[in-house]
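To keep things clear, I will list the structure first and then write my remarks on it.
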Amino acid sequence: MGLAENDRWTTRLAFLLEQEHPDAFTIYNRGCGGNTTALALDRIKTDVLSLMPSTVLIEFGINDGYVNPWCLKPRVGLTEYVRNLGEIVDVVRRHHGTPVVIINHPAGADSKFHWQGNGRTVPQNQAPYTTAARRFTTKNGIACIDLPRLIRTARIDPGTLLAEDKVHLSITGNRIYAGLIASSLKRVVPNLFKP
């Protein structure tokens with residue numbers, strides 16, 4: 001969304017980890033704007049598995065639940081979304097035995113700028129995907145960084161996170177996001193930080 005590389009949360013996360021643990025981590029950002037879980041499965045072999053990562057962070061949902069203005073149904077249905085999450089986790093674990101952390105995506109703010117084809121807003125269409133990701137991680141014992149809950153608990157004004165479009169992260173939002181993920185990683189993947 002036009003942000004410089006240094007302003008993106010993945011780069012900020014790398015910076016925070018480097019400050020605390022010099023030369024211990026390399027962060028690869030393999031996220032693609034607009035991608036769904038279905039598209040991720042098509043590129044996981046070359047974009048993720050080829051790197052032999054020690055931990056994989058997965059964040060999907062907002063694009064899966066997105067309903068294009070000319071459509072009535074989401075890009076990826078809820079059942080397929082959960083199945084795809086399971087397949088992504090299984091593929092990563094099967095190839096490297098790598099720990100997986102699912103990041104539950106905050107949905108943005110209700111905004112008349114983003115009414116979707118089914119007459120609902122982004123957060124309304126995202127809500128079932130957020131709930132499904134929580135259930136999936138709990139049921140399968142998968143580490144989860146639940147950003148919507150962390151944002152509520154920390155009493156962070158969602159408006160400070162978002163760019164003018166009320167969906168994507170602002171520069172400040174990217175910094176806050178990176179901080180929440182960095183502090184949560186220590187809790188959900190403690191072995192990652194052992195010498």
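Between H21 and F193, the ring planes are tilted. Angles from 30° to 60° get that label.
For the atom pair N84 CG and D64 CG, the distance stands at 7.0 Å (nearest 0.5 Å). The distance from atom CZ of R149 to atom SG of C144, rounded to the nearest 0.5 Å, is 8.0 Å. Annotation: the span from D42 atom CG to T46 atom OG1 amounts to 9.5 Å, rounded to 0.5 Å.
A distance-only check finds a donor-acceptor pair linking the side chain of T98 to the backbone of P53 [under 3.5 Å]. In terms of modelled atom types and a separation under 3.5 Å, the side chain of D7 and the main chain of N174 share no donor-acceptor contact. Put simply, the side chain of Q116 never gets that close to the backbone of P69: no donor and acceptor are under 3.5 Å apart. With hydrogens and angles ignored, the 3.5 Å screen pairs a side-chain donor or acceptor of S170 with a backbone N or O of L161. Counting only distance, with no hydrogens or angles, the side chain of Y81 and the backbone of F60 share a donor-acceptor pair below 3.5 Å. A donor-acceptor contact shorter than 3.5 Å links the side chain of T137 to the backbone of A133. In this structure, Q124 contributes its side chain and T121 its backbone to a donor-acceptor pair below 3.5 Å.
Put simply, the side chain of E18 reaches to within 4.5 Å of the side chain of D23, judged on heavy atoms. Side-chain contact between I58 and V56 is present, with heavy atoms from C-beta onward closer than 4.5 Å. Residues Q126 and R120 form no side-chain contact, since every pair of their non-hydrogen atoms from C-beta on lies 4.5 Å or further apart. For the pair P148 and T130, the minimum side-chain heavy-atom distance is below 4.5 Å. I62 places none of its side-chain heavy atoms less than 4.5 Å from the side chain of Y129. Side-chain contact between I181 and I103 is present, with at least one heavy-atom pair separated by less than 4.5 Å. Side-chain contact check for I102 versus I145: every heavy-atom pair is 4.5 Å or farther apart. Two residues are said to be in side-chain contact when any heavy atoms from C-beta on lie closer than 4.5 Å; L192 and F25 meet this criterion.
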Given side chain to side chain contact (heavy atoms under 4.5 Å, CB included), test V67 with L72 step by step and report yes or no.
CA-CA 6 Å; V67 179; L72 297 175; 5.6 Å; no
Would you check, one step at a time, whether the test side chain to side chain contact (heavy atoms under 4.5 Å, CB included) holds for S184 with L150?
CA-CA 9 Å; S184 297; L150 290 172; 3.3 Å; yes
Derivation of the side chain to side chain contact (heavy atoms under 4.5 Å, CB included) call for E80 and R75:
CA-CA 10 Å; E80 184 184 355; R75 292 176 65 202; over 6 Å; no
Test log, rule side chain to side chain contact (heavy atoms under 4.5 Å, CB included), inputs V48 and V91:
CA-CA 10 Å; V48 178; V91 164; over 6 Å; no
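Hydrophobic clustering of Ile, Leu, Val, Met, Phe, Trp and Tyr side chains at less than 4.5 Å, counting indirect connections, keeps L57 apart from V89. Residues L78 and F136 share a hydrophobic cluster, clusters being chains of Ile/Leu/Val/Met/Phe/Trp/Tyr side chains in contact below 4.5 Å. The hydrophobic cluster containing L185 also contains I151, counting ILVMFWY residues as joined when their side-chain heavy atoms lie under 4.5 angstrom apart, directly or transitively. Taken together through direct or relayed side-chain contacts under 4.5 Å among Ile, Leu, Val, Met, Phe, Trp and Tyr, I156 and L147 form part of one hydrophobic cluster. One hydrophobic cluster, built from ILVMFWY side chains closer than 4.5 Å, cannot hold both V100 and V189; they sit in different ones.
Residues L16 and A182 come closest through the heavy atom pair CD1-CB, 4.1 Å. The shortest non-hydrogen separation linking R8 to L3 is NH2-O, 3.2 Å.
Here salt bridge (Lys or Arg N to Asp or Glu O under 4.0 Å) pairs that include residues 87-102, with residues two or more places apart or in two chains, number zero.
Counting non-hydrogen atoms of other residues, nucleotides and ligands closer than 6.0 Å to CG of L41 gives a total above 12.
In summary, R12 and E5 do not engage in a salt bridge, as defined by a charged side-chain N under 4.0 Å from a carboxylate O. Ion pair D146/R134 flagged as a salt bridge, since at least one NZ, NE, NH1 or NH2 atom sits closer than 4.0 Å to an Asp/Glu carboxylate oxygen.
Of the residues listed (L169, N29, I176), the one engaging W9 in a side chain to side chain contact (heavy atoms under 4.5 Å, CB included) is L169, and it is the only one.
Evaluation of the salt bridge (charged side-chain N to carboxylate O under 4.0 Å, His left out) rule for R43 yields D47 as partners, not counting sequence neighbours.
Donor-acceptor pairing under 3.5 Å is lacking for the side chains of N63 and N35.
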